[in-house]
Amino acid sequence: MWEQREQRQGKIRHGSVIIIGAMADGSVAEVKEALAGVGYLADEPAALVSFLAQKLGKPVLVEGPAGVGKTELAKALSRATGRELVRLQCYEGLDEAKAMYEWNYRKQLLRIQAGGSQGDWDDIQDDIFSAEFLLERPLMQAIASPEPVVLLIDEIDKTDQEFEAMLLELLSDFQMTIPELGRIEATTMPIVVLTSNDSRELTEALKRRCLYLWLDYPNLEREMEIVRLHAPDISETLARKLVEVIGMIRALDLKKPPSIAESIDWARTLLLMGADDIDRETFTQSMSIIVKHRTDIDLVAERVGVKLADPLRAEG
Amino acid sequence: MPTPYGPKADAGPPGLAAKLLGFCEELRGEGVAVGTSEMLDAFAALSEVGWTSRADFREALAATIAKSQDDRRVFELLFERYFFRTAEAEAVQRGVTEHAEGAPPAGEGERFDISELSEAIREAMMAGDEDRMRDLARLAIAAFGRAEGSGVVGVDVQRIRRTLGLTAGAQPPTADGGERPPIDREQLTGFERHLRRELERDLIERTETLPPSRPLAELDRALPTSPTQDLAAVHRAVSQMKRRLATLGHEQRGRKKGQMVDVRRTMRASLETGGVPLRLRYRPKRPRRPEIYVLCDVSTSVTSASVFFLSVLHALHDSFRKLRSFVFIERISEVTDVFEHERDFAAIAQKISSEGGVADVSGYTDYGRVWLEFLTEISEELDPRSTVIVLGDARTNGREPHAEVFAQIAERAGRLFWLNPEPKLYWNYGDSVMAAYERHCDGAFECWTTKHLENFVNVVAGAAPTPE
């Protein structure tokens, strides 16, 4: 979210500078520090669960409302540990061929036709079912990678229950079975992060294999720290005012409450506008950054907008 | 208290492991599914974090044991209670008291006057400083709690609060006329919790016995978002139903007819024949997902049952993608959208009652009219693989039942079930015309508890009419 270099699916290599040899055998506080070092201010539970995930080698299931930084946690972990991030974006109808592996049959065909004249059939047979003809999809990538990775399975609640069942072998034993090749075990222990927006109850079997972390909107102080970390030029008073207004907006019953990323965007917008206070005018002008629904805009303008100082009246 | 996992363990040997097991037992008793694997994880996690930090200890346990928001809530409640009791029991057993060391009894060294104390408490509440609040609570008790204590903790808490002049909402101005920010309800409750805890500790110390533990009150553990405690059970029964319905009556018929050639598989198979596609491969016929239509009566005669029915609907929507739901009183109204866009049960219930669009003029159900409307709206889409489930009491208020229309629906739909919130005994008494409808159903069941729902699922699975 806060990182622009992001692809929908596949590999992202971070030019990370932080070496977390210390993180692997450190304490909870060190994990927290390391995460803060890469721009993610984790609260106590988040830091603790990240720490446990590494220590116990268990997947983490992160749930919470949209926009509290669930995905960002995985990315921060990848940056903090200097591991590569392998991301699987889930969607309805996602299947094995897209998530695990697929045989590259075109290449297999080519191999047969190319080697056909020599007629060394046994060789071909052995050959075409080797790793060379396998198209690795994210899950396979994470397992087969020689370097330890961070595997992010994003929005698991968007998939079917059947897909969850398929994940179980991977999550509990970090291995995968391919009929032609046999069992592939992870050589290195990946950190697995699953996120869910709680749009559907996940199965017991999946939950049983995971550590559970509920992320919620941060409190004022922490959100202020986050905003100031990502928009360092903002003054303290403005930042405080900003998170207070955001807090008020979240308290309303909105279709889409503003996320942390939107707080940051708003802070940056205010800086660009050169505002040094949030009055009614700047609020109306920049409201569309944080509220993105027709009915929400009306509600917010009505409930929050009027509480802010009116610049015209203040001068007059 | 016997639990589903066997008789409750007694206090057992001392030590942290035993205490943790006891804690898990209590959680199970409250319906949190703590499996052996969770307990092993908990122990593994605890060997990685320091036990001395209360926050770390609790979070490590929570991350491994409580796997949902509901569980987490129960966990928090029990954690506080269990470890408080455990610590106190240990203290009583070993005869440890806080004043034993010859320290001056609290309240003697420094004389607080009331306004100063309440000022300090206000500050601590505003800052949300838990430790300071606890200290101040003890001070308050020491200052004027013990002497005139009534012995009933709840009464004492309120008495001390009143003496200190602490109220929620706007605060009186300070002595020198400055304004004070208002204190909200939660902050005050936080302080009261500390007061209560310290009073209880005091009481235990004096009497050297623990008050009996009791299961959590239903109200305490109910999440504000789930008005029915049955919600989880309903969800379980429905997910069971999903598996049954998905595999029932979908035997593949006419195997080769109308099948699609699967290019990818054909090419792959052609590898065996040197790239010549000798054998065609077909797309496998996947069993079709069942299409479900649910009609739910929300009139006044089923008020007591409709919360249950709505939770059934809620659970159905969680499990089935091809599900359309309708609510009806006098007329019918589709609410599929509401369920798809709302996750929160309370919000759904509220939305349906406010904007469900149910034309509710008289508040009396008109079944005949509902069938007619349903048929005109849906008839094209009903086919043999659709299942219709009606949730209602079949009380027509003396209006025309239109059983023949209902028969048409039954004929078009693959299967039709009726769940009636009244005991079978009351069917066909008064204005109930259940018999007229029952003839056309593949099954009619009484259903007002999750037990009944499970029964329904089992019967559907066992005795469902197989097609052909």
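Order of the sequence lines sets the chain letters (A, B, ...), proteins ahead of strands, with each chain counted from 1. Note that this is a predicted model, so its numbers are computed, not measured.
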statement: OH (A/Tyr212) and CG (B/Asp41) are apart, to the nearest 0.5 Å, by 16.0 Å
Greatest number of heavy atom pairs closer than 4.5 Å to chain B - which of A/Glu44, A/Glu63, A/Lys58, A/Arg106: A/Lys58
field: Interatomic distance, B/Thr273 atom OG1 to A/Ile112 atom CD1 [nearest 0.5 angstrom]
entry: 8.5 Å
- prompt: Just wondering, more than 12 heavy atoms not from A/Arg240 lying within 6.0 Å of its CZ?
  reply: no
message: Is it the case that the side chain of A/Lys207 and the backbone of B/Lys67 share a donor-acceptor pair, with hydrogens and angles ignored and the cut-off at 3.5 Å?
response: yes
- line: Those residues at least two apart in sequence (or on a different chain) that pass salt bridge (charged side-chain N to carboxylate O under 4.0 Å, His left out) with A/Asp173 are none
- line: d(A/Leu109 CG, B/Ser270 OG) to nearest 0.5 Å is 5.5 Å
Selection from A/Gln108, A/Arg209, A/Glu204 maximising heavy-atom pairs under 4.5 Å formed with chain B: A/Gln108
message: Less than 4.5 Å apart, side chain to side chain, heavy atoms only: is that true for A/Ser27 and B/Val49?
response: no
When the side chains of residues 165-172 of chain A are checked against the rest of the protein, which donor-acceptor pairs come out under 3.5 Å, sequence neighbours left out?
unit_1, atom_1, unit_2, atom_2, d
A/Glu169, OE2, A/Gln175, NE2, 3.2
A/Glu169, OE2, A/Thr177, OG1, 2.7
A/Ser172, OG, A/Leu168, O, 2.9

- request: Hey, could you give me the OG1/CG distance between B/Thr64 and A/Leu52, rounded to the nearest 0.5 Å?
  value: 7.5 Å
query: Atom OG of B/Ser47 and atom CG of A/Leu56: how far apart are they, to the nearest 0.5 Å?
result: 7.0 Å
field: Side chains of B/Glu59 and A/Val49 in contact at under 4.5 Å (non-hydrogen atoms)
entry: no
message: Between A/Glu102 and B/Arg264, does any NZ, NE, NH1 or NH2 come within less than 4.0 Å of an OD or OE carboxylate oxygen?
response: yes
message: Which one wins on heavy-atom pair count under 4.5 Å against chain A: B/Arg58, B/Met267, B/Glu38?
response: B/Glu38
query: Within the distance-only criterion (no hydrogens, no angle test), does the side chain of A/Lys55 pair as donor or acceptor with the backbone N or O of B/Glu48 below 3.5 angstrom?
result: no
message: Need one label for A/Leu213: side chain, backbone, both or neither, based on atoms under 4.5 Å from any heavy atom in chain B.
response: neither
Gap separating the CH2 atom of A/Trp214 from the CZ atom of B/Arg72, nearest 0.5 angstrom: 11.5 Å
statement: Answer key: most heavy-atom pairs under 4.5 Å with chain A among B/Ala66, B/Ala62, B/Ala55, B/Gly275 is B/Ala66
